[in-house]
Chemist: 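I am attaching a structure below and will ask some questions about it afterwards.
Here is how names work: the chains are called A, B, and so on, in the same order as the sequence lines, proteins then strands, and each is numbered from 1.
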2 protein chains.
Amino acid sequence: MHSTQEPRPTPVSRRRVTAAMVADLAGVSTATVSLVANGKAEGRVSTANEAKVRAAIRELGYVVDGIGSSLARGVSNTVIMIAPDISNPFFATVIAGVRAALGSQFQLLLSVTDAGQLPSADDTRRLLGLRPAGLLVDAPEPSFLEELSAPGPLVLLDAPGFGPEVPAVNLDVAQGSRLLAEHLAAAGHKKVAYLDGTTGTTTFEVRRTAFLAAAAELGMEVPAGALAAAAINVGLAATAFAEVWPRWKRDGITAVVCATDTHAYGILQEARATGISIPGELAVTGFDNLPYSMTSSPGLTSINLPGELLGRRAAEQLLKLIAGEHLETQQVTLESSLMVRGSTSDI
Amino acid sequence: MHSTQEPRPTPVSRRRVTAAMVADLAGVSTATVSLVANGKAEGRVSTANEAKVRAAIRELGYVVDGIGSSLARGVSNTVIMIAPDISNPFFATVIAGVRAALGSQFQLLLSVTDAGQLPSADDTRRLLGLRPAGLLVDAPEPSFLEELSAPGPLVLLDAPGFGPEVPAVNLDVAQGSRLLAEHLAAAGHKKVAYLDGTTGTTTFEVRRTAFLAAAAELGMEVPAGALAAAAINVGLAATAFAEVWPRWKRDGITAVVCATDTHAYGILQEARATGISIPGELAVTGFDNLPYSMTSSPGLTSINLPGELLGRRAAEQLLKLIAGEHLETQQVTLESSLMVRGSTSDI
DNA sequence: CTGAAAGCGCTTACAG
DNA sequence: CTGAAAGCGCTTACAG
């Protein structure tokens with residue numbers, strides 16, 4: 001710690017270039033500078049003045065100050081995305097979609113919380129204090145909206161379980177589960193198991209419930225004891241599988257559906273280590289279609305969720321809300337698709 | 001698109017609560033409200049007034065407006081982190097470190113660019129227009145600073161190759177390479193190969209150069225043709241390895257060092273598929289110590305880079321700069337460590 | 001087409 | 001301890 005007396009070094013930097021400085025140099029008012037700098041000159045500023053202002057802007061290196069501008073307009077040109085988990089290859093594709101749709105008019109800023117944690121109401125209020133033009137919230141908990149009053153334009157991503165009145169773009173994971181069940185049933189499996197996550201996330205509930213329903217409907221049995229669970233971790237999934245496999249085998253189970261690809265990697269690993277033939281002895285499916293699922297051996301049959309599209313649609317909806325437009329559909333649901341690979345099919 | 005005539009629905013939300021409203025309710029001036037709301041009341045506001053203001057703040061749900069505050073103070077309470085690649089488990093740990101060190105005084109906001117792209121100078125200028133209290137830049141290109149004038153408090157992360165005058169926290173990947181070389185030399189390897197990345201990133205250059213130097217020093221040979229390269233992708237790495245392996249084998253190579261764990265996964269996969277014994281026939285090492293390296297089979301010997309610490313140290317340095325303090329060390333380098341697992345050692 | 005002026009919400013010397 | 005007032009940098013009716 002330094003004493004307060006010690007003089008701070010004067011910043012070497014040139015002082016901030018303001019619209020007033022540009023106006024002085026160009027010989028116009030700041031109103032004119034503002035018009036030109038914001039691309040609103042058309043029909044409101046003489047071409048002569050516009051040229052003078054542009055020259056001055058270039059000479060001084062003027063950039064409109066976001067803070068001053070936001071205060072005057074009441075809103076910033078920022079879109080804030082709140083996300084609980086960024087350490088996820090899927091998330092990067094969502095971001096790419098958001099960025100693509102947002103274009104250059106709005107600046108995308110991410111607010112992340114510690115692994116799996118949702119932002120506190122305080123955090124969110126502070127974020128709102130930055131006056132974002134809009135808010136994107138990924139995988140929020142059901143209680144998220146209660147803490148928020150007057151959030152402004154807002155679109156939820158991957159948020160099943162919210163009322164139809166809140167704009168959201170969702171992934172049809174239930175449909176993914178059905179596709180998996182149909183695929184296995186078509187291959188002749190009669191007894192199947194399910195390896196769930198342990199976090200109790202809504203999407204996991206939906207994945208499991210929809211699979212069990214579809215399996216029953218298609219005449220496949222999920223015997224008692226054929227439901228296991230493990231955290232999202234290859235090693236833990238392997239261990240959990242090793243524990244239940246003898247019983248599953250005895251019960252005549254020939255296929256297992258995993259809540260995530262990561263769980264499935266654990267099974268593939270354990271099967272390799274102990275010589276279980278995949279898919280001959282046991283067919284395995286994942287969920288999420290992570291990049292590694294394409295190159296693992298065997299390749300992993302999985303459900304592809306359209307991440308890029310999820311981000312894009314959400315941003316498009318948000319853009320409409322920001323523009324004050326009406327949304328034809330408050331809730332959009334995106335289809336998932338089945339990727340068949342070696343883990344379920346010998347081809 | 002809607003016509004401009006159409007009336008926009010009046011926002012249902014209560015209007016923004018301002019300091020003036022709080023002042024009215026409490027019967028004090030906005031100056032007093034500001035002092036209390038910012039925790040600067042101590043010794044400057046009577047306890048009676050402080051209590052009145054606190055009550056009013058609670059009643060109205062007042063939150064200091066970030067934009068107004070930033071404009072008045074000349075700087076926001078935001079720290080912006082610019083990062084080129086978030087789809088990386090390593091990055092999540094870096095963020096966790098940053099958040100831990102930053103505490104609650106500053107709001108961390110991430111600005112990400114499309115995969116592997118650095119932010120344009122324009123983007124960065126717009127970011128600076130938000131008047132962040134400080135800037136954290138992860139893995140910038142050497143030219144990054146040239147485009148920036150007067151960036152304010154700034155700390156670089158994982159940025160080898162910048163002058164000693166710019167504050168940075170770096171990872172000692174060269175040391176990691178040496179550890180790998182020593183480990184292999186100690187195990188008696190005489191002829192070793194290197195599987196590089198193809199992106200030409202600075203860190204890859206350093207990894208390779210340092211390994212080759214250490215290998216030579218320790219009396220290990222890297223024969224001509226024992227340098228291969230592949231993109232950071234399991235499948236592509238497997239293919240690249242399959243192509244060179246016959247020659248490597250003929251040349252008597254008994255160990256291969258990979259630029260990333262992902263490359264090593266490709267080799268493990270190909271080895272499994274074609275029956276190459278790891279580590280008996282070929283020892284394999286990765287770099288980065290990704291989570292999966294602990295649970296793969298065999299486990300992957302790798303270099304652990306301290307991500308959490310990287311984030312934490314960088315944020316600590318930035319905090320000092322923001323406080324106007326002097327940095328004892330402008331450049332901090334963090335040690336990496338060797339994780340020995342089954343891919344190099346039979347135990 | 002143009003500029004003077006008000007106002008966005010806050011903070012901070014300043015005078016009392 | 002307190003409040004009136006200036007000022008942060010910009011945008012936008014408004015009057016001309």
Chemist: Can you tell me which nucleotide in C/dT11, D/dT12, D/dG9 comes closest to the side chain of A/Arg16?
Modeler: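 Among C/dT11, D/dT12, D/dG9, the one nearest the side chain of A/Arg16 is D/dG9.
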Chemist: To the nearest Å, give me how far apart CD1 (A/Ile57) and P (D/dC10) are.
Modeler: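 To the nearest whole Å, that distance equals 10 Å.
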Chemist: Which dot-bracket string describes DNA chain D (Watson-Crick N1-N3 plus N6-O4 or O6-N4, or G-U N1-O2 and O6-N3, all under 3.5 Å; [ ] crossing; | other strand)?
Modeler: |||.||||||||.|||
Chemist: Nearest to the side chain of B/Leu71, heavy atoms from C-beta on, is which of C/dT11, D/dG3, D/dG9?
Modeler: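 Nearest to the side-chain atoms of B/Leu71, counting from C-beta on, is D/dG9.
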Chemist: Give a yes/no answer on whether the side chain of B/Lys40 brings an N or O atom under 4.0 Å of OP1 or OP2 in C/dT12.
Modeler: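 Yes, B/Lys40 has a side-chain N/O under 4.0 Å of OP1/OP2 on C/dT12.
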Chemist: Using atom P in both nucleotides, what's the gap between D/dA6 and D/dT2 to the nearest angstrom?
Modeler: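 Per the computed distance, 22 Å lies between those P atoms.
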Chemist: Does A/Ser34 put a side-chain nitrogen or oxygen below 4.0 Å from OP1 or OP2 of D/dT12?
Modeler: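 False: A/Ser34 side-chain N/O out of range (4.0 Å or more) of D/dT12 OP1/OP2.
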Chemist: Closer than 4.0 angstrom, basic N to acidic O: yes or no for B/Glu316 and B/Lys320?
Modeler: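 So B/Glu316 does not pair with B/Lys320 through a salt bridge.
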Chemist: Can you tell me how far P of C/dG9 sits from CG of B/Asn38, to the nearest Å?
Modeler: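 My rounded result for the distance is 16 Å.
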Chemist: Under 3.5 Å, which donor-acceptor pairs link side chains of residues 24-37 of chain B to any protein atom two or more places apart or in another chain?
Modeler:
unit_1: B/Ser29; atom_1: OG; unit_2: B/Ala31; atom_2: N; d: 3.3
unit_1: B/Ser29; atom_1: OG; unit_2: B/Thr32; atom_2: N; d: 3.3
unit_1: B/Ser29; atom_1: OG; unit_2: B/Thr32; atom_2: OG1; d: 3.4
unit_1: B/Ser34; atom_1: OG; unit_2: B/Asn38; atom_2: ND2; d: 3.4

Chemist: Does B/Ser70 put a side-chain nitrogen or oxygen below 4.0 Å from OP1 or OP2 of D/dC8?
Modeler: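 Checking B/Ser70 against D/dC8: no side-chain N or O falls below 4.0 Å of OP1 or OP2.
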Chemist: Are A/Arg126 and B/Asn77 packed together at the side-chain level, in the sense that at least one heavy-atom pair is separated by less than 4.5 angstrom?
Modeler: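 When only atoms from C-beta onward are counted, B/Asn77 and A/Arg126 do touch, with a gap below 4.5 Å.
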Chemist: Indicate whether OP1 or OP2 belonging to C/dT11 is found under 4.0 Å from a side-chain N or O atom of B/Ser69.
Modeler: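 True: B/Ser69 side-chain N/O within range (under 4.0 Å) of C/dT11 OP1/OP2.
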Chemist: Just checking A/Arg73: base, sugar-phosphate only, or nothing, at a heavy-atom cut-off of under 4.0 Å?
Modeler: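 Answer is sugar-phosphate: A/Arg73 comes under 4.0 Å of backbone atoms only.
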Chemist: State which of D/dT2, D/dG9, D/dG3 makes the closest approach to the side chain of B/Val28.
Modeler: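 When the side chain of B/Val28 is considered, D/dG3 is the closest of D/dT2, D/dG9, D/dG3.
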Chemist: From CD1 of B/Ile67 over to C1' of C/dG9, roughly how many Å is that when rounded to an integer?
Modeler: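 In whole Å, C/dG9 C1' and B/Ile67 CD1 are 10 Å from each other.
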Chemist: Give the nucleotide from the list C/dT2, C/dT12, C/dC10 with an atom nearest to the side chain of A/Val45.
Modeler: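 Per side-chain heavy atoms of A/Val45, the pick is C/dT2.
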Chemist: Using a heavy-atom cut-off of 4.0 Å across all strands, would you classify B/Val33 as base, sugar-phosphate, or nothing?
Modeler: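 The residue B/Val33 makes no contact with any strand.
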Chemist: Got a list of protein N/O to nucleotides 4-6 of chain D N/O distances below 3.5 Å?
Modeler:
none

Chemist: Using the side-chain heavy atoms of A/Thr32, tell me which of these nucleotides is nearest: C/dC10, C/dT2, C/dC8.
Modeler: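 Closest nucleotide among those given: C/dT2.
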Chemist: A/Leu109 and side chain to side chain contact (heavy atoms under 4.5 Å, CB included): which single residue from B/Val112, B/Leu108, B/Leu110, B/Leu127 fits?
Modeler: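 Of all the options given, the one that passes is B/Leu127.
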Chemist: Nearest to the side chain of B/Ala19, which nucleotide is it out of C/dC10, D/dT11, D/dG9?
Modeler: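 So the nucleotide nearest the side chain must be C/dC10.
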